[in-house]
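Reviewing the structure listed below.
Labels below follow one simple rule: chain letters A, B, ... track the order of the sequence lines, proteins then strands, and each chain is numbered from 1. Everything numeric in this text was worked out from a predicted model, so none of it was measured.
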Amino acid sequence: VTGRWRLDLLPRNAVPLAVLLVAFLIAPWIVDDYLLTVLILALYYAFTGQAWNIMMGFAGQLSLGHALYVGLGSYVAATLFTRFGIGPWLGLLAAIPVAAACGAIVGYLAFRFGVAGVYFAILTIAFAEFARIGFDHLDYVNASSGLFLPVKQYAHNDPWLLRGDPTMFYYVILAATVVAFVLCHLLLRSRVGYFWLAIREDEQAARAAGIDTFRYKMYAVTISAAVTSFAGVFYAFYYNNLFPEQVFSISRSIEIMLGPIIGGVGTLFGPILGAFVLTTLSEALNSVMSAFGFDLPGATQVFYGICLLLVVVALPHGVWPPLARRLGLTWSGK
Amino acid sequence: VPFDVYLNVAVGGVLTGLVYGLMALGLSVIFGVVRVVNFAHGEMMTIAMYIAIVMFAWFHLDPLVLLVPIAAVLFVFGYALQAALINPFITRPEHSQFLLLVALAIIIANTLMIIFGPDARTVQTSYAFDSFQIGAVIVDAAKVYAGAAAIAFTVALFAFFRFSLLGKAIRACADNYTGALVVGLDVKRLYALTFGLGAACVGAAGTMLVLIVDATPMVGPSYTLLAFVIVITGGLGSMPGALVGGVLIGLTEALAGLLFTPSAKSMFAFAILVLVLLFRPQGILGRRLS
């Protein structure tokens with residue numbers, strides 16, 4: 001372990017982090033079934049947000065189509081499971097290269113032909129939409145009628161096949177989120193990470209300084225896509241059904257981005273905080289609405305939109321950077 | 001399939017494409033000047049569509065009569081939006097602007113959902129089933145009116161930007177922001193005016209589109225995407241480009257719907273987008289990217 005790969009666990013960062021981790025580890029014994037599903041959802045978005053943040057937050061490449069990699073991961077793993085009986089962890093070994101290759105194709109086409117900025121963002125949407133409509137007509141995966149994983153009552157949890165109760169899924173996604181956090185931390189402290197930040201801040205200057213910007217942008221897209229594909233595998237086995245209209249939809253891509261943008265783009269802890277803020281907000285709005293017997297379709301979403309608007313107007317850098325400063329933490333990742 | 005069926009579908013596609021082009025022109029004008037991508041573009045169009053539907057249901061006002069009034073309403077909406085919310089965001093990073101406009105899109109779509117419910121709505125004009133026949137070509141009257149109105153509106157906008165002093169001032173802002181400030185132009189107000197004009201385009205397009213398609217509150221994102229595709233294909237910032245892109249995409253979608261399956265038609269639009277981005281990133285009629 002060389003110096004730059006060491007986790008800089010200063011005591012004032014490590015203590016709150018350890019407390020948080022212990023809280024998450026004992027949470028299933030404390031919360032009820034409903035809250036557990038909310039926590040799973042929040043951790044899911046914390047994971048995907050971190051994966052997206054590698055590309056946008058670190059390397060400055062705005063992807064508006066990350067649902068593509070979730071969808072590919074979920075379809076590869078679910079197809080291998082339903083057709084050949086291959087379990088999700090082996091499926092993941094197939095999903096990662098597929099998603100990474102797809103990310104590499106998008107990245108190669110864009111960066112080689114000088115597609116950047118807003119154009120690049122729209123290219124990523126185009127690929128995700130292309131996949132959505134394509135899978136909608138692909139009979140091998142049941143096209144628009146959807147792919148279903150067999151569901152039955154399980155006597156005991158089977159982590160190897162990802163069949164079991166929500167508590168097992170909770171620990172799987174918690175572990176994934178922690179792994180992603182450590183990975184992001186290590187990446188950001190690595191040579192690649194510093195090059196990414198240089199590209200994000202000023203690509204021309206980075207190139208002038210001798211950084212092969214094409215190569216490092218390719219690393220960002222590929223790594224981000226590969227990490228995201230795990231979320232797809234998890235999604236397939238947790239929800240047990242897949243519809244191209246849903247997994248590849250532009251709304252899924254937007255949901256992936258909201259967490260890190262609200263939490264703080266480019267920070268390590270921002271995507272996690274943002275995911276919890278948004279999931280809590282959405283669930284709280286739902287319960288407040290139903291408590292008042294107010295069940296107009298869309299009303300919750302309107303308040304959700306207003307909250308997003310207020311946060312983005314009031315906190316240009318997201319929730320985490322000002323909060324970290326207030327708490328005296330140095331772990332902002334900047 | 002006989003040849004004249006292709007011809008009829010192609011003409012219909014071109015006419016629909018003109019309306020798409022007008023919608024995309026709004027996006028192009030806003031991006032070209034304000035440099036903000038309007039991610040709530042489709043939602044702004046659904047506002048116009050629902051105004052047209054309500055006016056028709058209550059007062060039996062034909063969408064063709066409502067073209068200018070609805071465009072004016074959307075102009076005011078766009079002006080207020082830019083002046084109040086978006087102007088402070090013009091120097092912020094893209095993802096920040098993106099979130100602002102997505103939040104706005106969520107609010108608009110779901111407000112429409114609360115008011116009108118999720119069902120598709122439409123207007124039944126007296127000429128809904130009329131058609132014109134020119135030689136072998138038979139084409140819906142509604143599409144002809146919509147296409148003609150789209151052309152008229154576009155020509156008026158061209159004239160405004162080309163000849164009026166205000167239009168020239170807006171183009172000056174787009175060409176050189178600092179220069180515009182130096183010569184004393186009120187850039188913030190011109191930005192608001194531009195966003196208003198872009199909104200007016202999408203308002204006019206939405207009013208015409210209710211003659212051709214149904215409206216649902218959640219239809220916005222697909223039109224936002226369509227506008228992106230058209231604008232990039234035609235050339236971002238090029239006004240004739242938006243119209244050419246619209247016609248091209250309208251034609252492609254119509255023929256793809258006939259040759260393959262209607263549900264796969266947007267796949268061809270996205271394929272065109274990818275090809276254009278790779279081989280002619282400035283778009284068909286766009287200026288070279290700097």
For B:Ile232, is it the side chain, the backbone, both or neither that has a heavy atom under 4.5 Å from a heavy atom of chain A? side chain
Side chain, backbone, both or neither: which part of B:Leu85 has an atom under 4.5 Å from a heavy atom of chain A? side chain
Nearest heavy-atom neighbours spanning B:Ala103 and A:Leu308: CB-CB, 3.8 Å
Check whether A:Leu109 gets within reach of chain B through its side chain, its backbone, both or neither, counting any heavy atom under 4.5 Å. both
Using a cut-off of under 4.5 Å on heavy-atom pairs, state which of B:Ile106, B:Leu101, B:Ile107 scores highest against chain A. B:Ile107
Nearest 0.5 angstrom please: B:Thr224 OG1 to A:Ile250 CD1, how far? 9.0 Å
Tell me every residue that passes side-chain contact (heavy atoms from CB on, under 4.5 Å) with B:Leu275, counting only those two or more places apart in sequence or in another chain. B:Phe279
How close do B:Ala271 and A:Phe130 get, heavy atom to heavy atom, and via which atoms? CB-CE1, 3.9 Å
Shortest non-hydrogen contact from A:Ala299 to B:Ile114? CA-CD1, 3.5 Å
Name the region of A:Ile125, side chain, backbone, both or neither, that has any atom closer than 4.5 Å to a heavy atom of chain B. side chain
Please find the pair of heavy atoms, one from A:Val313 and one from B:Arg92, that lie closest to each other, and give the distance. O-NH2, 3.2 Å
Taking all non-hydrogen atoms of both residues into account, name the closest pair between B:His95 and A:Ile261 and its distance. O-CD1, 3.8 Å
Working for side-chain contact (heavy atoms from CB on, under 4.5 Å), residues B:Asn110 and A:Tyr304: CA-CA 10 Å; B:Asn110 287 287; A:Tyr304 185 77; over 6 Å; no
Tell me, out of A:Leu258, A:Ile262, A:Asp136, A:Leu64, who's got the most heavy-atom pairs with chain B below 4.5 Å. A:Leu64
Reported CD1-to-CZ distance for the pair A:Ile254 and B:Phe39, which is rounded to 0.5 angstrom: 8.0 Å
Flag if over 12 foreign heavy atoms under 6.0 Å of CZ, B:Phe116: yes
The reported gap from CE in B:Met267 to NE2 in A:His137 (rounded to nearest 0.5 angstrom) is 8.0 Å
Please check if atom CZ in A:Phe276 has more than 12 non-hydrogen atoms from other residues, nucleotides or ligands closer than 6.0 Å. yes
Most contacts with chain B, counted as non-hydrogen pairs under 4.5 angstrom, among A:Val302, A:Thr300, A:Val311: A:Val302
Sort A:Phe127 into side chain, backbone, both or neither according to what part of it lies under 4.5 angstrom from a heavy atom of chain B. side chain
Atom of B:Leu273, atom of A:Ala126 and distance for their closest heavy-atom approach: CD2-CB, 3.3 Å
Turns out that what part of B:Ser263 lies under 4.5 Å from chain A's heavy atoms comes down to both
Answer with side chain, backbone, both or neither: which region of B:Phe98 has an atom nearer than 4.5 Å to a non-hydrogen atom of chain A? side chain
Between B:Leu104, B:Leu225, B:Val37, who has the most heavy-atom pairs with chain A when the cutoff is under 4.5 Å? B:Leu225
Quick check on the structure: residues of residues 277-289 of chain A within a heavy-atom distance below 4.5 Å of chain B, by number. none
